[in-house]
Structures are given as structure tokens and as C-alpha cells.
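Below is one structure, written out as C-alpha cells; comments come after it.
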Amino acid sequence: MFHIYKLPILAAALFLLATSVSVADERYSPIKDELVSKECGACHMAFQPEMLPKRSWKKIVGNLSDHFGEVVSLDAMTKEHIASYLQDNAADSGWWGGKFMRGIKNHMTPLRITETPHWIREHKGEVPSQLWSSPKVKSKANCIACHRRANRGDYDDD
Amino acid sequence: MKTLHRTIVIATAAILFGGASSSIAVANPARDDIIKSFATQAEMPFSAERGKALFEAKPGGGKPETPSCTTCHGTSPLKAGQTRAGKLIEPMAVSKTSGRFTELKKVRKWFRRNCKSVMGRECTPQEKGDFLTYMSSK
């Protein structure tokens, strides 16, 4: 039996649900592989594989002699292990494409997370351009400078 | 039982004090072994002063983005540095980062990468030993 006095309670419940969904919006599975954390996290934060499609990770790991201007030397086994982990957990690894697949056309293979449509949309208009070059941030790859829990996959603090 | 108890207390104290002192002092058998392994291939005894000079030098020959060790590690080994991607680098001084230079594979890997980056060539065993001696004295 539905009573009208229950309406505010229902509305409040729906409101809480809606806000909790929007609050927990930018969460990604943290990296659970120790070797991946260590090797991919030595010079920059180890980025969560959910942020690029499989084909991007494949291309990145396939070209480590020129990794954004750096030479990365990994033995064949380590490389293979990392390549599998990244592709198994990529943005398009699930049955339902992840957020980072939005706007990426089939012919596109982005190599930088910061060039994906989702990343651009999320940062557009929100981050003043001079902040990127501040000494504390230094690089767009330095997620943790602003997202303090980025290494745990939590980017909800914006 | 009492003796066993006392042994445990002494052992615990030894671990605690040993741990505390190792963060100030230098000694670490794994690190010492690594330095020794370079010593067998070096011409002269290692020197912390030469290590310091190497750390601060701008030798040229490497990548324009990284003219010196200090570009990323900062000018003081006692303080944290920052990679070009903005990631924090723990201080190089072993008094600050006790786990530094205790794993040969890691030491080799980073000397290889960073010497090439800064000098455009690999470091000699002499240079590596001087460098580690300097960081161990800090």
C-alpha cells in the first residue's frame, strides 16, 4: 500500500542513489600485478590499463625502444607479462566498452591517455592551462599531482 | 622459559636498535657487495668527492632534457627529486632511503639507463663505485 507521506523518503533515497553514482564516477581498477606496478611505475605513475584500448597497449609495449623519447629495457618475459596484463584489462576488455572507449574511432590508436576524447572532455575548461606547467605538476602524466588517490584508481576528487 | 623470554627481548631490542641505526649509518651487506663488485674492475679506491662531482657534473653528450643527474634527482641527495613525468623520486642518500643500492639488477639497470641519458655512454665501474660511495656517505 503506497502512502503519499512516503514520497519524500522515496525522493530522498533516489537523490542519495543518484549522487552516490555520480560521486563514484571516475574509479578504475587499481593495478593488481606487482611486476606491472613496479616496471610501469618507475618513471611515471603506473596508469590503469582501463584508460586505453588493447590496440594502444599493444603498440606501446611493442615500441619500448622509443617510449615517448625514452629507452625502456625489459627482458622478453617481463615484456610479455606486462603486455598481457595491460591488454587483458584494457578499456575494451570487458563485454561493455569502458568510459575511455567513448569517442575513439576504430581507426584510432591513441598512445597517450591525455589524447583520448574522454580525458580531454574531463579536463576541458576545468584546469587552467598554466597549472600544467607549474613545477609541482610538470607534466600531464602526473595524475597524482591533483588526483591524490590516482595510483589507487580513484579520480573522484575533481 | 625465563631465559627464552630474555633472549626474545634481547633479539627484539637488537632488531629495533639495529634498524634504527641502519637508517643513519651506511652498512648494508648487499650494498657493500655491490660496491665491492665494482671495486674489482676499478683503477683506484673509490672516493665520495669524485662521486659528488660526478653527480653534479654536466658532462654533455647525453640527451638535452637531462644534462645532469641533478636534473631529475635534485641538487641534494638528501632531498627527493622529480622525474620528467613529474613522479617523485625518493632521495638518493642511503640515510634517507635505506633500500637504495641493495639490489644488483636494479643498480645495473638504472646506471645503464641514466648514464646513457646524461652522458651518452655507460658509466665505468670506477664512476659507479665513486657514485655509490658518495650516496652511501650521505
Which one wins on heavy-atom pair count under 4.5 Å against chain B: Ala141(A), Pro135(A), Cys43(A), Ala42(A)?
Cys43(A)

Is it the side chain or the backbone of Arg112(B) that comes within 4.5 Å of chain A heavy atoms, both, or neither?
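Contact with chain A involves the side chain of Arg112(B) alone.
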
Counting only non-hydrogen atoms closer than 4.5 Å, does Gln82(B) touch chain A with its backbone (N, CA, C, O), its side chain (CB onward), both, or neither?
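Both backbone and side chain of Gln82(B) come within 4.5 Å of chain A.
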
I'd like to know which of Arg113(B), Lys87(B), Lys109(B), Lys116(B) tops the heavy-atom pair count under 4.5 Å against chain A.
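Top count of heavy-atom pairs under 4.5 Å with chain A: Lys87(B).
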
Greater than 12 external heavy atoms within 6.0 Å of Arg108(B)'s CZ:
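It does not: Arg108(B) CZ has 12 such atoms or fewer within range.
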
Does any donor atom in the side chain of Glu26(A) or Tyr28(A) lie under 3.5 Å from an acceptor atom in the other side chain?
yes

Pick one: which of Lys140(A), Met51(A), Lys99(A) meets side-chain contact (heavy atoms from CB on, under 4.5 Å) with Trp119(A)?
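Answer to the side-chain contact (heavy atoms from CB on, under 4.5 Å) test with Trp119(A) among Lys140(A), Met51(A), Lys99(A): Lys140(A).
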
The side chain to side chain donor-acceptor pair (under 3.5 Å) partner of Tyr155(A) among Glu122(A), His147(A), Arg149(A), Gln48(A) is Gln48(A)

